[in-house]
Amino acid sequence: MSSLLIRNAALLVTMDEHRRELSDGGVFIRDGFIEQVGPSRELPETADEVLDLRDHIVLPGLVNTHHHFYQTLTRAVPEAQNANLFQWLTTLYPIWARLTPEDICISTQTALAELALSGCSTASDHLYLFPNGSKLDDEIQAASEIGLRLHASRGSMSLGHSQGGLPPDSVVENEQSILNDTQRVIEKYHDPNPGAFVRVVVAPCSPFSVTPELMRQSASLAREYGVHLHTHLAETQDEEVFCLEKFGYRPVAYMDVLNWTGPDVWFAHSVHVNRVEIDLYASSGCGVAHCPSSNMRLASGVAPILQMAAAGVRVGLGVDGSASNDGSHMLGETRQAMLLSRLGASLSGASLSTEKSPPLMTARQALELATRGGAAVLGRSDIGSLEPGKCADLVAINLNRLDYAGALHDPLAAVLLCAPVGVDFNIVGGKFIVKDGQLLTADLPSLVERHNLAARRLLDR
Ligand SMILES: [Zn+2]
């Protein structure tokens, strides 16, 4: 039994059912779970470890619902800097075909280090190519050293160029091997219990890189084991044209005929969805991973996030990438979601100065997407808010800093409206991952050096 008492936080944002924000707040943690949340004076006076967080804002740990850790090795590649999705992919596929198991390990730790330092406590990663003997196991083992919770998607590509797909044949796999390996990693790693650090997700990559048959079989396999399903969907207009020409359906309708809708499914992006498709997401329970930086970087468009949320769709945030962002800054991504939504409201053509104006996403709504929203998208009721019984996943930021000078009349808004910063503390399952602004679970200078060497090897080969 070990306990941790956090007290005297200038502001503690619970994101609980009533969205309570407590001045002079605190949390009492025992064995990785929250036992009490409230004003500091109402909490126990001592614990095995006591952390005084006066001058700090405390938030639930942020939840990242879509990423490709391996892409940290191919950020800012010159030929892929100014391209839309299909051009960007066809430029990078041949480089990714050279990835090794060691590259997967290094890039996993780099991405998770960035995520940890920017406030993330739970990350979902979508690994969909396994060249040169790489395995999902490489990622899961590397992630366990950093200490964040991981939803590891066993992705896949099977529709190579010779079969009418987008990726070159060199990066696609045989469908039976995909299904066998997916079953293997579910049996080996998936933990359905509250407080889980590893869950496995079944995740064929996209409509333009796998066959309908693999989509169907993946859904059956996932449902046999009670694990979740994830893929990219409705990201670009090119994809919509591809689906209409090859399958005769728009992307969302295509998912519906494949039995790929339900509360166990979430889609990355969903930029190009109409009213009927949003209603289908809501009625069937599908979730969405909104990736604003990537959607801007690849000129994909503006996803109608507030409309989805208003319709009752589960929406969370993802940094995507990292070659389409090209960062893994979770707090920064939350700010981008708020700003891009506002741009979308302006582009909708409605006047912003009348009572009928489209609503502008608030800082609190954006933070909700990054916390409760992400938890709902990943199907987790044990994370996303600070409440008794939930996982002790929280971050704290010192408010006394240049970045927030003049903004402390509303510290929560300052965190989203002012420039994104790194967190000073990141506690996951009651354990310190970041303390006093320093990552405790990796030697960063050595990691960055190894990462840069690996990236150079990958591009020079
Ligand atoms: Zn993606």
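Quick note: numbers below take in every heavy atom, side chains included, and nothing from hydrogens, waters or symmetry partners. Just so we're clear, the structure is a prediction, and the values are computed from it rather than from any experiment. Counting starts at 1 for both ligands and their atoms, in listed order.
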> Thinking salt bridges, do Asp424 and Arg401 make one under a 4.0 Å N-O criterion?
Replying inline: yes
> Hey, which N, O or S atom on Asp320 ends up closest to the Zn ion (ligand 1)?
Replying inline: OD1
>> Any N/O/S atom, side chain or main chain, of His232 closer to the Zn ion (ligand 1) than 2.8 Å?
In response: yes
> Does the side-chain hydrogen bond (donor to acceptor under 3.5 Å, both in side chains) test come out yes or no for His230 and Ser153, once each step is laid out?
Replying inline: CA-CA 8 Å; His230 179 50; Ser153 295; 5.3 Å; no
> Angle class for the Tyr249/Tyr254 ring planes (parallel below 30°, perpendicular above 60°, tilted otherwise)?
Replying inline: parallel
> Hey, what do you get for OG (Ser385) to NZ (Lys390), rounding to the nearest 0.5 Å?
Replying inline: 3.5 Å
>> Taking N, O or S atoms only and a limit of 2.8 Å, check whether His68 reaches the Zn ion (ligand 1).
In response: yes
> Can an N, O or S atom be found in His66 less than 2.8 Å away from the Zn ion (ligand 1)?
Replying inline: yes
